[in-house]
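Read through the structure below, which is laid out as C-alpha cells, and then see the notes.
In what follows, every heavy atom counts, from backbone to side chain, and hydrogens, waters and symmetry copies are set aside. All chains are named by letter (A, B, ...) in the order of the sequence lines, taking the proteins before the strands, and each is independently numbered beginning at 1.
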Amino acid sequence: MSLRKVLPKSEWVLTQAAFDGFLATLDRDRDKAGEKYEYIRLKLLKYFQWCRSDVPDIDADETINRVTRRIYEGEDIYNLTGYIYGVARLVHAESLKRRNLTQTLDEDSLIELSSTGVDVEGANYQECLERCLGRLSIEDREAITEYYRYKKIEKIECRKRLAARLGITLNTLRVKMHRQRMNLESCVEKCLARCKYTD
Amino acid sequence: MAARSISEAKRVRYLLGQSSPAEREHIESEYFEDEDAFEEMLTAEDDLIDAYARGELTGEERWRFETRFVSSLSGRDRVHFARAFERAVSSTRSLETKLSSTLLDIFKTFQSPGLLRAATIGAVIFFVAVLAWLVNDRRRMTNEFRELHAESAELSKRTEVLQRSTDTEQTRRLSVTRQTGILPEVKNDRENFAVRKPKPSGIPINTQDATVGNASVRRKIIQPSVESLKTGSLLNLQPATTRDIHIAEGRRSGDNTVSGTVKDPSGNVVSGATVTLTDSVRNFTRTQSADKDGAYVFNAIPPGTYSMEVSARGFKTASVLGLAALVDTPIVCDVQLEIGAVSETVTVTSAAEAAINASDATLGNSFEPKRITELPLDVNNIVGLLSLQPHVNRTDFINGGRADQSNITLDGVDSTIRIPSFLRWIRFQLPLETTPIHEDYRVTIKTAGGRLVTSVDWSELLTPNQSIIDTPFISTSDLSSGDYLLLLMGKEPDGSFVKVAEFPFKVIKY
C-alpha cells in the first residue's frame, strides 16, 4: 500500500493524475494505452448489457473509476483484466441490489418493436442503409452480404466457403464481419440522425 | 436454434440468460481475458439479433431476447438494423437469383439445335467479313506506303538536281565575280550592309581632306582573317568606296531579281522571246526564253547596271539600257516589242528607279555618287552615310537592333573588326592602289566623331609595285567598340603629311 490517503468510495473523484496512472498501467505508449482503454470499456459495456443492466455505460465507468482509484492508491495489480472483471461483478451486484431487479421482468416492461416508432421499411432507413453499403468497397460489400445472407445450415457452410475464399480463418472472418457490421450500424445511425434533423 | 456448435450454443445461452452461474462465470472470465473470445461473443450477438429479425428463434428464445435486448434503446436500434439489413441482403439475393435464372434461360435457348446452328453460321460470317476487311485495309495501306515511298524518292531526286544546278550557278557567279573584280558578298545571319564596289571612274585621288563622296580612291576592305586575329599579328583592311553605297537589309543582301513580261504592240504576251541580260563591265550574260505567258525572271542577279535585249521572230529586237539592279530591290521591266525584222533594234533607256519591292520582305536602297557629293554631309564614315537610310541612325543602330548586331560590308566584305579581349595589339595591312612615293608614313585613327585615338609614324621603303603596306602594331586598349576612321598619311619632303588613303571601319570588342 502506498502512503497516499485512502478516501471513502463516495468521496473519491477521478482526477487527471489518477486517470493518467491508469493509462500508464495499460501501456507506456499513451496512444496504445488509449486504444486498450477503449477496448476495456467496450468489454465492460457489453458485460453490463448482457447482464441486463439498465445503465451499462454508467456501470462501466464506475468500474473503471474504482480500478483507477485502486491503482492511484498504489495497489499492486498483477492481472489487470481479471481484476477489472472482479470489480465489474461487484458493481453489477451492487446495481442489482440497489434497484431490486433480481426478479424477472414484468410483462409491462417489455416493449414491442412495433411501438418504437422506427419504420425500418421507410424510405429514410432503406436509403441510409443503401448509402452506407455503397460506401463499402466492392469486396467488403460482397463479403458482408454473403456472410449474412443465408440461414441455418446454409449459413455455416457459406461462411466456411467465404473464409476459405478470403484465405482467413472462420473466427477472423467473424470478427471482420462484426466490425464491418458495427461500422455499418454506426453509419446508418448517423444517417438517420441527419435525416431526422433535415426533416 | 438448431444446428449450432456447442461453443456458439453456450454463447447464445449466455446472451439469452440461460447459462448456469458457473458457465456464466466461465464465459465472462474467458472473454475478459481473451480478446478473440470477446470478438466471438460479439459475432454471436450479431447472429442472435439476425435470428430474431428473421423469426428464427423459438418462443422462449424470442421472449428472452426481447427482455434482454429490445428493452434497451441500443438493442432496439440493433434489431431495426438487422431487419433492414436482412431486407437489403434478400433483395440482392433475389436479384442474383433472377439474373442466374435469366442466364440459364438464354443458355437453354441456345441448346436448341436450329438456333445454335444459325448463331454459329452468323458468327462465322461475321468473322470472315471482319477478316476480309482487315486484309483489304492492309493491302490499301501497303499500296499507299509504296506510293509515298516513290514520291519521296522522286522528291529526293529533284532536290539533288536543284542542288546541283544551284552549285553550278554559284560556281558560275564566282567565276564572273573573279573576272569582274567584285568580291562575293559575305553572308551573315544578322543584318548586312553592302557597299558596292565602284566602277572605275578615273577621278583623281583626293589628297586634300578626309571627306568621302568624291570617289577619290578605289578602295577595298579586306576582312581580317581569323588566323591573324588569333595570332594578333595582322589585320587587313581594304579601302572603302564612296562612289555608290548600297544598303541591304534582310536575310540576304546583294543579289537581285530582274523580271518582266514581253508583249507585242497590242499588249498581247509574246511567248518564246529570247531575253538576254548583260553587264558588259563584268562580262556577265544570262539568257532565257519567255514562257507561254511572256514572262521572264532572272534570279540571283548581282547589283549593277545591266542592258537587256529581247528578240522574237517577227519583231524588232528591243534593247533596254541602263537597267540598274540595286541591292535587294527586284526590278520589273516589261518590254513591248515592235513589229519588224529581228535585225532591227529598238533601244530603250531604262528609267527604272528603285522600285517598291513587292516580291519579298527585303529592303534595299542606293546612294548615287551625285547624292553623296552634293549633299551637305558632315560625315566621313560609312555609318554616317548609312544613317541617311530609314531605320538607321548615326550610332549604327538598325531597326532598333544594337550596333554589334549589324555588320557593315564594303564591296560585300565585312568592314567590322572583332577584337577579342585577349588581343593586346593589332596590325593593319593596308592595300595601296597608288604608286608609293613616300618613305615615311603616319597612320592616324580617329573616332567617327573626329576625336584622335592614336597616331603612329614609321618609315618604310616600299618598292614601286608594292600594293600593301603594314602598319606598326597598335594597342587595342585605345580601341573600344565603335566606328573609326583610319587615315594613312605620307610624309612630304617639306615635312608635312598628306593623306594617301582612308579606311572607315567598325570595332566590336568581345
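A distance of 12.0 Å separates NZ in Lys43(A) from CE in Met41(B), rounded to the nearest 0.5 Å. Going from atom CG of Asp46(B) over to atom OH of Tyr147(A) covers 7.5 Å, rounded to the nearest 0.5 Å. Between Phe81(B) atom CZ and Cys128(A) atom SG the span is 11.5 Å, to the nearest 0.5 Å. We find the CD-CG distance between Glu40(B) and Leu170(A) to be 8.5 Å, quoted to the nearest 0.5 Å. One distance of note links CG of Leu42(B) with CE of Met177(A); it measures 14.5 Å at 0.5 Å rounding. Atom-to-atom distance recorded for His92(A):NE2 and Glu28(B):CD is 8.0 Å, nearest 0.5 angstrom.
More than 12 heavy atoms of other residues, nucleotides or ligands sit less than 6.0 Å from atom CG of Leu148(B). Summarising the local packing, CZ of Arg140(B) is surrounded by more than 12 heavy atoms from other residues, nucleotides or ligands at distances under 6.0 Å.
A salt bridge links Asp50(B) with Arg181(A): the closest approach of a Lys/Arg side-chain nitrogen to an acidic carboxylate oxygen falls below 4.0 angstrom. Under 4.0 Å is where a charged nitrogen must lie from a carboxylate oxygen, and between Arg159(A) and Asp47(B) at least one such pair does.
Across every non-hydrogen atom of Val175(A) and Thr43(B), the tightest pair is N-CG2, 3.9 Å. The nearest pair of heavy atoms linking Phe85(B) to Ile144(A) is CZ-CG1, 3.8 Å.
Interface with chain A: from residues 30-39 of chain B, residues Tyr31(B), Phe32(B), Glu33(B), Asp34(B), Glu35(B), Phe38(B), Glu39(B) qualify, criterion being any non-hydrogen pair under 4.5 Å.
Taking Thr172(A), Ile84(A), Thr81(A) one by one and counting their heavy-atom pairs under 4.5 Å with chain B, the maximum is reached by Thr81(A). Ranked by non-hydrogen atom pairs under 4.5 Å with chain B, the options Leu184(A), Leu133(A), Leu80(A) are led by Leu184(A). The most heavy-atom pairs under 4.5 Å with chain B, out of Glu130(A), Arg179(A), Gln49(A), come from Arg179(A).
Residues passing the side-chain hydrogen bond (donor to acceptor under 3.5 Å, both in side chains) test with Glu62(A), sequence neighbours excluded: Arg66(A).
Using a 4.5 Å heavy-atom cutoff, the side chains of Ser29(B) and Arg89(A) are not in contact.
With a 4.5 angstrom heavy-atom cutoff, Glu25(B) touches chain A via backbone and side-chain atoms both. Using a 4.5 Å cut-off between heavy atoms, Ala44(B) does not touch chain A at all.
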